[in-house]
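Convention: sequence-line order gives letters A, B, ...; per-chain numbering from 1.
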Amino acid sequence: MNNPMKTVFAKTGRVLMTLAVVAVAFQIGHGLWDYYTVAPWTRDAHVRADVVAIAADVSGPVSEVLVRDNASVKQGDVLFRIDARRFQLAERQADAAMAGASAALNEAKRELSRYRRLGKAISRQAVDQARTELEKANAAYLKAQADRDLARLNLERAQVVAPVNGTVTNLNLQPGDYVSASQPVLALLDTDTLRVEGYFEETKLGKIHVGDPVDIHLMGQGTLLHGRVESVTAAIEDRERSTGSGLLANINPTFTWVRLAQRVPVRIALEDVPEDVRLVAGLTATVSVRPDHAEKG
Amino acid sequence: MAMAELDIHGVFVPTFMALMLVAYVASRGLRLVLERSGFYRLVWHRALFDLALYVVLLGAFFYLFEQINA
């Protein structure tokens, strides 16, 4: 009687012990799963910066390139010069045209005042005509002035300056190259806009708030960088939908079982980047958003 | 931060994968010890127990790693 009872107890004990360990393991496994799939981190973040495509405003052969590849430039620094002689000549032309217009204007003024002094000896019609001539001459003079200013602007624009602080990248411009107006010839990386953009699954967005501190690891580099969530993008493309040729909505067929999380770019502002860290736009980074309340300093 | 990659001579392995490997080796060792000590007599379903043991070890290593790197 005693013996079978003992066996039953022993058996139950073994089952309970095993199940307890399994229950603990389940909890831990669940926690790990959460950490890995729900925690707001991503291995797919990139250092990014805005690139300004520098184009000349006037066409002409390049006479001088004042920057080197990968050189840092400040806003307002001259990047390259286009041969200015043509624009200098154009300015002289415009100056001459303006002098001519000025002479014509003075002539018309004198004419009108002479007619006025003659008083009744001259017909109203002739006076009106003289006044019209004066107005025309004045308009021509103003136009000549504007043309001269335009010529000056062109001359000024023959010298291309950096619109932002940045670094010249992939410089491929030589003196003698012919540049056309509005055609980009030089990429200027705006170093003031260096940032990290993390592509987070949409399922993680709920845990990302603007202002949250972020840990950033650049791939292959030991230094831990810090940042802060600056903003979350407002819209991504709806991949399920396009517009057909008949202007009708074209929705992808449904895929019932497996759903892929889309990803949303989150912009992270870098904070206190150490001097020795070289930030190259395009580098891969692993970023992990920490909940704000966990920050202790 | 346990999420960054481990750089093994230019091959970037997720830290978690490395931890899984470590936990597996450790669990093999632990199983040997448990076997020798006769602990398995107290276990109802051995394979289930082994799996649970592995997960617990993995969790423990993960936690340790986090603490070291915090």
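In terms of non-hydrogen atom pairs under 4.5 Å with chain B, the most contact-rich of A/V24, A/V15, A/V21, A/I28 is A/V15.
Within the 4.5 angstrom heavy-atom criterion, no atom of A/L16 approaches chain B.
For A/H209, the NE2 atom counts as densely surrounded, since its 6.0 Å shell holds more than 12 non-hydrogen atoms of other residues, nucleotides or ligands. Within 6.0 Å of atom CG in A/D272, 12 or fewer heavy atoms from other residues, nucleotides or ligands are found, so the atom counts as exposed in its surroundings.
Between B/V43 and A/R14 there is no side-chain heavy-atom pair separated by less than 4.5 Å. At a threshold of 4.5 Å between non-hydrogen side-chain atoms, the residues B/F49 and A/V22 do not count as touching.
Applying the side chain to side chain donor-acceptor pair (under 3.5 Å) test to pairs two or more places apart or on separate chains, those with a residue in residues 39-48 of chain B are B/E35-B/R46, B/Y40-B/D50.
Remark: aromatic rings of A/Y35 and B/F16 are distant, center separation not under 6.0 Å.
Here A/T18 contributes atom OG1 and B/L42 contributes atom CG; the two are 9.0 Å apart, rounded to the nearest 0.5 Å.
Below 4.5 Å, heavy atoms of chain A meet no heavy atom from residues 21-31 of chain B.
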